[in-house]
Amino acid sequence: MNLFRITADVAHAVAIVILLLKIWKSRSCEGISGRSQVLFAITFFTRYLDLFTSFYSLYNTVMKVLFLAGSIGTVYLMWVKFKATYDRNNDTFRVEFLVIPSLILALIINHEFMFMEVMWTFSIYLEAVAIMPQLFMLSRTGNAETITAHYLFALGSYRFLYIFNWVYRYYTESFFDPIAVVAGIVQTVLYADFFYLYITRVIQSNRQFEMSA
């Protein structure tokens, strides 16, 4: 365990908490892609199938439970409790174009052709593109609500920090996982457009508000 990994996990956890608090406090899931959240829930479920069969460390177990519970809770709030506020008209990305290729790729390119390993690989590929429905929704609405923007910024930070984690592990442990690294780079690139949106819209709008106050 190193500082980059821990910081990345904290950023990931913060992103989930921000999203849950946003939905709960506003009693609305406006601006949030329910399809992306379902993809994230599938990602965590398939990645952490070993939760009840293997124990690595208390930290590892706690983070797995946190991510699973957070993703399931978000899906529940969006699709059940506050479903009336869910913007289905703008959340129309065809998720089958992400799920099916990810599964096929996992069956072809994996470390070992075993069920648990294929599911783990599938989760890596799916996570890399799970944010696409959210980014597609933002492009359609042209509106990046501040809280939603902070959520995506925290997610992007998590992926960015994981790149440093991989570099650190490569030089200190000679560890290199090409599947995780390539998928992580793809995911980071997808967040690049949003980082630009975050800087140009959210931060600048906050500065303009402060200057006018």
Side-chain angles (χ1 to χ4, degrees), residues 4-5 8-9 11-13 15-16 19 33-57 59-75 78-79 91-137 152 155-170 173-194:
F4 298 117
R5 164 73 183 278
D9 287 343
H12 198 177
I16 294 175
L19 188 61
S33 168
R35 298 189 176 210
S36 271
Q37 295 309 313
V38 169
L39 293 181
F40 281 125
I42 294 173
T43 293
F44 293 132
F45 179 76
T46 53
R47 182 174 302 172
Y48 301 144
L49 289 173
D50 65 343
L51 185 60
F52 300 105
T53 61
S54 303
F55 179 80
Y56 301 99
S57 68
Y59 172 86
N60 184 273
T61 300
V62 169
M63 297 307 290
K64 286 179 178 180
V65 172
L66 174 63
F67 293 146
L68 272 171
S71 62
I72 293 172
T74 302
V75 169
M78 292 197 66
W79 292 90
D91 191 18
T92 57
F93 193 96
R94 300 283 296 276
V95 294
E96 61 268 29
F97 292 154
L98 304 177
V99 175
I100 295 175
S102 295
L103 181 57
I104 293 174
L105 194 59
L107 290 169
I108 298 173
I109 304 175
N110 53 69
H111 294 303
E112 188 176 4
F113 196 75
M114 295 180 61
F115 177 75
M116 296 286 282
E117 187 64 30
V118 170
M119 287 295 96
W120 178 87
T121 307
F122 166 70
S123 77
I124 296 295
Y125 294 146
L126 186 61
E127 185 186 14
V129 294
I131 199 63
M132 289 185 68
Q134 179 69 67
L135 298 180
F136 177 77
M137 188 176 183
L152 289 172
L155 271 185
S157 300
Y158 141 67
R159 288 314 323 178
F160 186 71
L161 286 166
Y162 251 87
I163 293 178
F164 287 101
N165 170 59
W166 294 325
V167 172
Y168 177 86
R169 294 192 65 185
Y170 176 77
E173 305 172 23
S174 297
F175 175 84
F176 179 75
D177 185 339
I179 291 176
V181 170
V182 172
I185 291 174
V186 170
Q187 187 177 2
T188 304
V189 170
L190 288 176
Y191 281 103
D193 286 341
F194 176 76

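Scope of the values below: all heavy atoms of this structure, side chains included, with no hydrogens, waters or symmetry mates.
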From [X] atom [atom1] to [Y] atom [atom2], the distance as rounded to the nearest 0.5 Å:
{"X": "L103", "Y": "I42", "atom1": "CG", "atom2": "CD1", "answer": "11.0 Å"}
{"X": "M132", "Y": "S33", "atom1": "CE", "atom2": "OG", "answer": "11.5 Å"}
{"X": "M119", "Y": "L49", "atom1": "CE", "atom2": "CG", "answer": "7.5 Å"}
{"X": "S157", "Y": "H12", "atom1": "OG", "atom2": "NE2", "answer": "11.5 Å"}
{"X": "L19", "Y": "T74", "atom1": "CG", "atom2": "OG1", "answer": "5.0 Å"}
{"X": "T121", "Y": "E112", "atom1": "OG1", "atom2": "CD", "answer": "10.0 Å"}

How far apart are the closest heavy atoms of [X] and [Y], and which atoms are they?
{"X": "A183", "Y": "Y125", "value": "CB-CD2, 4.4 Å"}
{"X": "A130", "Y": "S36", "value": "O-OG, 2.6 Å"}
{"X": "L161", "Y": "F4", "value": "O-CB, 4.0 Å"}
{"X": "F55", "Y": "S57", "value": "CZ-C, 3.5 Å"}
{"X": "R5", "Y": "Y59", "value": "O-OH, 4.3 Å"}
{"X": "L68", "Y": "Y48", "value": "CG-CD1, 3.9 Å"}

Original post:
Of Y168, F160, W166, which meets ring pair (Phe, Tyr, Trp, His ring centres under 6.0 Å) against F164?
Top reply: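 Exactly one pass, corresponding to F160.
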Check whether any side-chain heavy atom of [X] sits under 4.5 Å from a side-chain heavy atom of [Y], and report yes or no.
{"X": "F136", "Y": "R35", "value": "no"}
{"X": "T46", "Y": "L126", "value": "no"}
{"X": "L66", "Y": "I16", "value": "no"}
{"X": "F45", "Y": "I72", "value": "no"}
{"X": "H111", "Y": "D177", "value": "yes"}
{"X": "F122", "Y": "V99", "value": "yes"}

Original post:
Between R47 and F44, is NZ or CZ placed under 6.0 angstrom from the six-membered ring centre and within 45° of the ring axis?
Top reply: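 That pair does not qualify as a cation-pi contact.
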Original post:
Are there more than 12 heavy atoms of other residues, nucleotides or ligands under 6.0 Å from atom OH of Y170?
Top reply: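 No - once you tally the heavy atoms of other residues, nucleotides and ligands closer than 6.0 Å, there are 12 at most.
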Original post:
Got a sec: does the CZ of F52 have more than 12 other heavy atoms crowding it under 6.0 Å?
Top reply: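 12 or below, so no.
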Original post:
Do K64 and D50 meet the salt-bridge criterion of a basic N to acidic O distance under 4.0 Å?
Top reply: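 Salt bridge present between D50 and K64.
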Subject >> side-chain contact (heavy atoms from CB on, under 4.5 Å) involving I131 - partner list, sequence neighbours excluded >> reply: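 I131 satisfies side-chain contact (heavy atoms from CB on, under 4.5 Å) with F40, Q134, L135, L152, L155, L190, Y191 only.
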Subject >> Within the 6.0 Å centroid threshold, strictly below: Y158 and Y162 >> reply: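 Yes.
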Original post:
So which of L98, T92, V38 actually passes side-chain contact (heavy atoms from CB on, under 4.5 Å) with P133?
Top reply: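 Testing P133 for a side-chain contact (heavy atoms from CB on, under 4.5 Å) against L98, T92, V38 leaves exactly one candidate, L98.
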**OP:** Determine yes or no for a side-chain-to-main-chain donor-acceptor pair under 3.5 angstrom, with N110 supplying the side chain and V118 the backbone.
**Re:**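 Pair absent, no side-chain N/O of N110 close to backbone of V118.
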